[in-house]
Amino acid sequence: MHDDVPVSGDLVGGQVGDWLVIGWFTEDTTYRPLGEAFAANLSEHGAPFHLFAKPSLGAWNTRRKPAVVLEPMDAYPGKTVVLMDVDCRLRGDIEPVMQMDGDVGIVVIARNVRRRRRWAHWLSVECSSRVVVFRPTEGARAFARTWADTIERSTVNHDEPSMAWAYLSSPGVHFDYIDQRFSAREIGQIAD
């Protein structure tokens, strides 16, 4: 994983109870304003948060997401952390997304794949990292570590393909599926 050096300027707000929203942004002209807008949005909805300011790695890169999850798991022991992209916007209460029994709440999108002019029994599995819930369990921590290790071995400059492989190779982790209303799809893709 990247040895990220903390950058001053984290955005922190709200009273942390059993959970908090976490995310990250880089200290540049594009992402800092997104982080500030998301922090204001979270405050409007009374959601506790810690958005981490990170040094830029140059080009667009989401590969550090697992490290950004493990850091608050250490900083906020015993708390559920909800990883969200800083370009998300809350439109209501997100506390229901924490009502799960599993180690990790995840959005998995599966599609049938058409092969050779017929429908085959192949599934295309996509995991979204826009919103992921990590309970304070060893299973959640193990999944984040597997995700980080998978990213390190990947040549793809994006976290979601590695997340799908980590999901498929984590049989000891109990996953719950996040209701599509909390999946951070584009506005208009999903009702409510």
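Because only heavy atoms are used, hydrogens play no part in the values below, and waters and symmetry mates are left out as well, while side chains stay in. Residue numbers count from 1 along this sequence.
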Would a distance-only check, ignoring hydrogens and angles, find a side-chain to backbone donor-acceptor pair under 3.5 Å from Arg32 to Gly9?
-> yes
Sub-4.5 Å side-chain heavy-atom contact between Tyr31 and Trp24 = no
Anything under 3.5 Å between a donor and an acceptor, one on a side chain of residues 40-51, the other on a protein residue two or more places apart or in another chain? List them.
| from | atom 1 | to | atom 2 | distance (Å) |
| --- | --- | --- | --- | --- |
| Asn41 | OD1 | Leu90 | N | 2.6 |
| Asn41 | ND2 | Leu90 | O | 3.3 |
| Ser43 | OG | Ala39 | O | 3.1 |
| His45 | NE2 | Leu90 | O | 3.3 |
| His50 | ND1 | Tyr76 | OH | 2.8 |
| His50 | NE2 | Asp10 | OD2 | 2.8 |

Who pairs with Ala140 by side chain to side chain contact (heavy atoms under 4.5 Å, CB included), at least two apart in sequence or on another chain?
-> Met73, Asp103, Val104, Phe134, Thr137
Can you run down the salt bridge (Lys or Arg N to Asp or Glu O under 4.0 Å) pairs that involve residues 162-172, sequence neighbours left out, and say none if there aren't any?
-> none
Can you give each donor-acceptor pair under 3.5 Å made by side-chain atoms of residues 77-87, sequence neighbours left out, with the distance rounded to 0.1 Å?
| from | atom 1 | to | atom 2 | distance (Å) |
| --- | --- | --- | --- | --- |
| Lys79 | NZ | Gly17 | O | 2.8 |
| Asp85 | OD1 | Lys65 | NZ | 2.6 |

Which atom pair, heavy atoms only, marks the closest approach of Glu95 to Gln99?
-> O-NE2, 3.7 Å
Supply the atom-to-atom distance Phe38 CZ to Cys88 SG, rounded to the nearest 0.5 angstrom.
-> 5.5 Å
Name all residues meeting the salt bridge (charged side-chain N to carboxylate O under 4.0 Å, His left out) criterion together with Arg135; count only those two or more places apart in sequence or in a different chain, and write none if there are none.
-> none
Smallest heavy-atom separation, Ala144 atom then Leu70 atom, equals CB-CD2, 3.7 Å
Apply salt bridge (charged side-chain N to carboxylate O under 4.0 Å, His left out) to Asp101 and list each qualifying residue two or more places apart in sequence or on a separate chain.
-> none
Any Thr26 side-chain heavy atom under 4.5 Å of Pro55 side chain = no
Report the residues that fulfil side-chain hydrogen bond (donor to acceptor under 3.5 Å, both in side chains) with Arg89, sequence neighbours left out, ordered by chain and then residue number.
-> none
Interatomic distance, Met163 atom CE to Phe143 atom CZ [nearest 0.5 angstrom] | 4.5 Å
Ser170 versus Phe175: any side-chain heavy-atom pair under 4.5 Å?
-> yes
Just grab all the ring pair (Phe, Tyr, Trp, His ring centres under 6.0 Å) pairs involving residues 77-108, residues at least two apart or on different chains.
-> none
Sorted by chain and residue number, the side-chain hydrogen bond (donor to acceptor under 3.5 Å, both in side chains) partners of Asp176 (sequence neighbours excluded) come out as His174
Does the side chain of Ile106 reach to within under 4.5 Å of the side chain of Tyr167, using non-hydrogen atoms?
-> yes
